[in-house]
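Have a look at the structure below before the remarks.
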Amino acid sequence: MARAHINSVEVRRPDLRRPFPRRFAQRLTGQRVLALTRRAKYLLASLSSGETLLMHLGMSGSFRTERDIQAGRLAKGAIEHSPHDHVVFHMSTGRRVVFNDPRRFGLMDLVRTQTLDQHPAIKALGPEPLSPEFTAAALARACRGKNTSLKAALLDQCVVAGLGNIYASEALHVAGLLPRRRASTLATASGAPREAAFRLTAAIKEILESAIARQLNVEYRDAPFLVYDRQNEPCPRRNCVGTIRRRVQGGRSTFYCPVCQR
DNA sequence: CTGTGTTCCTGTTCGC
DNA sequence: TGCGAACAGGAACACA
């Protein structure tokens with residue numbers, strides 16, 4: 001849990017995907033970070049001011065921390081820095097937290113912690129996939145009557161929060177479901193979950209848990225995916241003779257096995 | 001309202 | 001080697 005103070009903040013450009021909120025640096029300066037949490041793909045730092053710093057990495061964003069070497073006697077502007085280091089938090093611990101984002105699809109906003117749930121980016125989010133609330137029944141309900149594909153439904157953050165393009169393909173493969181299958185086929189006419197909904201819910205939980213475990217283990221961090229980025233390779237499922245295909249769906253690459261996914 | 005396509009931006013990789 | 005095209009892990013927005 002974080003307890004450091006933000007001594008100062010450098011904001012090196014006026015915007016990322018959207019403008020920084022007004023008086024951004026001033027509102028952060030001197031604040032203590034009470035907690036660092038997450039909702040879907042949003043990082044949340046709750047501050048002693050009663051505001052929460054809401055951050056999103058977009059596609060190319062990242063944070064790093066390093067020892068905060070003070071400018072000292074160097075002239076202002078004499079320090080070289082990466083053109084994509086857009087925000088630097090100077091912390092009371094003597095370290096700095098640097099936000100780097102070449103494509104600038106990231107996002108930072110400040111919202112009152114009390115009304116965080118009303119924030120437009122947060123309020124429409126569906127259940128966390130690893131929470132007990134994310135069940136086959138919940139998934140079926142969210143997909144009931146949806147004319148769109150399963151792949152699109154999984155990327156819809158209202159249906160389930162936090163799945164991205166890679167793990168949508170991975171989960172559909174584990175569940176044995178075709179990405180283009182209609183989302184509505186997860187539910188019966190009355191909205192009850194069909195077997196496919198149970199399989200997909202379990203597959204999502206399984207794929208995310210193993211992904212997290214992998215990220216926690218340096219040795220396996222770069223292990224290959226099951227189907228993502230593996231077009232023309234043999235299907236990894238035991239006894240399946242299929243070949244992984246790639247197709248563009250809703251403008252995003254989708255990978256699947258046409259033999260074992262139905 | 002629902003579903004699909006476009007757009008934001010820059011870096012890397014691929015094919016000629 | 002150089003060059004342009006295609007593509008990249010996200011989500012807001014415009015539009016049919």
Side-chain angles (χ1 to χ4, degrees), chain A residues 11-21 38-44 54-64 81-87 98-109 111 118-126 128-129 141-174 179-187 191 204 207-212 214-215 220-233 244-256:
Chain A
V11 185
R12 293 177 174 166
R13 52 170 301 117
D15 55 43
L16 296 171
R17 195 167 81 217
R18 16 194 64 208
F20 289 101
R38 174 194 68 76
R39 176 76 172 97
K41 296 172 192 168
Y42 293 90
L43 304 168
L44 305 169
L54 181 147
M55 300 165 279
H56 196 295
L57 299 177
M59 289 215 235
S60 58
S62 65
F63 283 99
R64 67 175 194 276
H81 44 241
S82 154
H84 305 308
D85 287 347
H86 304 308
V87 184
V98 183
F99 177 70
N100 179 284
D101 187 5
R103 288 177 78 178
R104 305 205 304 271
F105 286 172
L107 174 75
M108 288 197 194
D109 201 1
V111 295
Q118 269 84 266
H119 189 275
I122 300 291
K123 69 176 176 198
L125 291 172
E128 287 291 327
R141 205 179 318 124
C143 289
R144 183 184 178 187
K146 266 197 177 289
N147 234 350
T148 192
S149 66
L150 277 180
K151 171 76 183 322
L154 292 186
L155 289 182
D156 182 347
Q157 303 294 298
C158 307
V159 172
V160 52
L163 263 198
N165 195 44
I166 292 178
Y167 295 119
S169 279
E170 298 288 278
L172 286 166
H173 181 262
V174 169
R180 282 194 301 173
R181 178 169 159 152
R182 276 188 166 210
S184 59
T185 63
L186 293 185
I204 289 167
I207 215 75
L208 290 180
E209 276 165 4
S210 82
I212 291 166
R214 246 185 347 183
Q215 289 306 308
Y220 297 106
R221 207 165 279 178
D222 295 325
F225 298 108
L226 293 168
V227 292
Y228 182 82
D229 207 19
R230 284 182 165 274
Q231 65 271 35
N232 302 324
E233 293 183 37
I244 303 307
R245 292 279 160 73
R246 171 186 182 271
R247 82 184 314 138
V248 176
Q249 208 181 330
R252 317 291 305 278
S253 287
T254 300
F255 300 84
Y256 66 101

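A quick note: this is a predicted structure, and the numbers were derived from the prediction, not measured. Within every chain, numbering begins at 1; the chains are lettered A, B, ... in the order of the sequence lines, protein sequences first and strands thereafter.
- For the P atom pair drawn from C/dG9 and B/dG3, the interatomic distance equals 23 Å after rounding to whole Å.
- Positionally, the nearest nucleotide of DNA chain B for A/M59 lies more toward the 5' end than for the other of A/M59 and A/P83.
- Within 4.0 Å of A/R18, counting heavy atoms only, lie sugar-phosphate atoms of the nucleic acid but no base atom.
- Here A/Q231 contributes atom CD and A/T254 contributes atom OG1; the two are 11.5 Å apart, rounded to the nearest 0.5 Å.
- Put simply, the side chain of A/I166 does not reach to within 4.5 Å of the side chain of A/F255, judged on heavy atoms.
- Along DNA chain C, read 5' to 3', the first and last nucleotides having any atom under 4.0 Å from a heavy atom of chain A are C/dC7 to C/dC13.
- In this structure, A/G58 reaches the sugar-phosphate backbone alone: every heavy-atom distance under 4.0 Å involves primed, P, OP1 or OP2 atoms, never a base.
- Within the 4.0 angstrom heavy-atom criterion, only backbone atoms of the sugar-phosphate kind lie near A/Y42; the bases stay farther away.
- Side-chain atoms of A/N100 do not come within 3.5 Å of backbone N or O of A/H86 as any donor-acceptor pair.
- Protein atom CD of A/Q249 is 14 Å distant from nucleotide atom P of B/dG3, rounded to whole Å.
- A donor and an acceptor atom never sit less than 3.5 Å apart when one is taken from the side chain of A/R104 and the other from the base of B/dC9.
- Contacts of A/Y228 with the nucleic acid, taken as non-hydrogen atoms under 4.0 Å apart, involve only primed sugar atoms and P, OP1 or OP2.
- The CG-C1' distance, from A/L16 to B/dC8, rounds to 12 Å in whole Å.
- In this structure, CZ of A/R252 is placed 14 Å from C1' of B/dT4, rounded to the nearest angstrom.
- The shortest heavy-atom contact between A/G61 and A/D101 is N-OD1, 3.4 Å.
- Among B/dC9, B/dT10, B/dG3, the nucleotide with an atom closest to any side-chain atom of A/T148 is B/dG3.
- One interatomic measurement links the two molecules: CD of A/Q231 to C1' of B/dC14, which rounds to 12 Å at whole-angstrom precision.
- Interatomic distance, CG of A/L226 versus OH of A/Y167, reported as 10.0 Å (0.5 Å rounding).
- In this structure, CD1 in A/I244 is found 11.5 Å from CG in A/D229, a value given to the nearest 0.5 Å.
- Residues A/D15 and A/R13 are paired through a salt bridge, judged by an N-O separation under 4.0 Å between the basic side chain and the carboxylate.
- For B/dG11, the OP1/OP2 oxygens have a side-chain nitrogen or oxygen of A/H84 closer than 4.0 Å.
- Residue A/H86 contributes atom NE2, which lies 12 Å from atom P of B/dC9 at whole-angstrom precision.
- Going from atom CZ of A/R13 over to atom C1' of B/dC8 covers 12 Å, rounded to whole Å.
- A salt bridge between A/D156 and A/K146 is present, with a side-chain N of the basic residue lying under 4.0 Å from a carboxylate O of the acidic one.
- Nucleic acid contact for A/S253: sugar-phosphate only, since backbone atoms but no base atoms lie under 4.0 Å from a heavy atom of the residue.
- Between A/A171 and A/I207, the shortest heavy-atom distance links the atoms CB-CG2, 4.2 Å.
- Stem list for DNA chain B (at least 3 consecutive Watson-Crick or G-U pairs, distances under 3.5 Å): B:2-8 with C:10-16, B:10-16 with C:2-8.
- Going from atom CG of A/D156 over to atom C1' of B/dC1 covers 14 Å, rounded to whole Å.
- A tilted orientation is assigned to the rings of A/F99 and A/F63, their planes being inclined by 30° to 60°.
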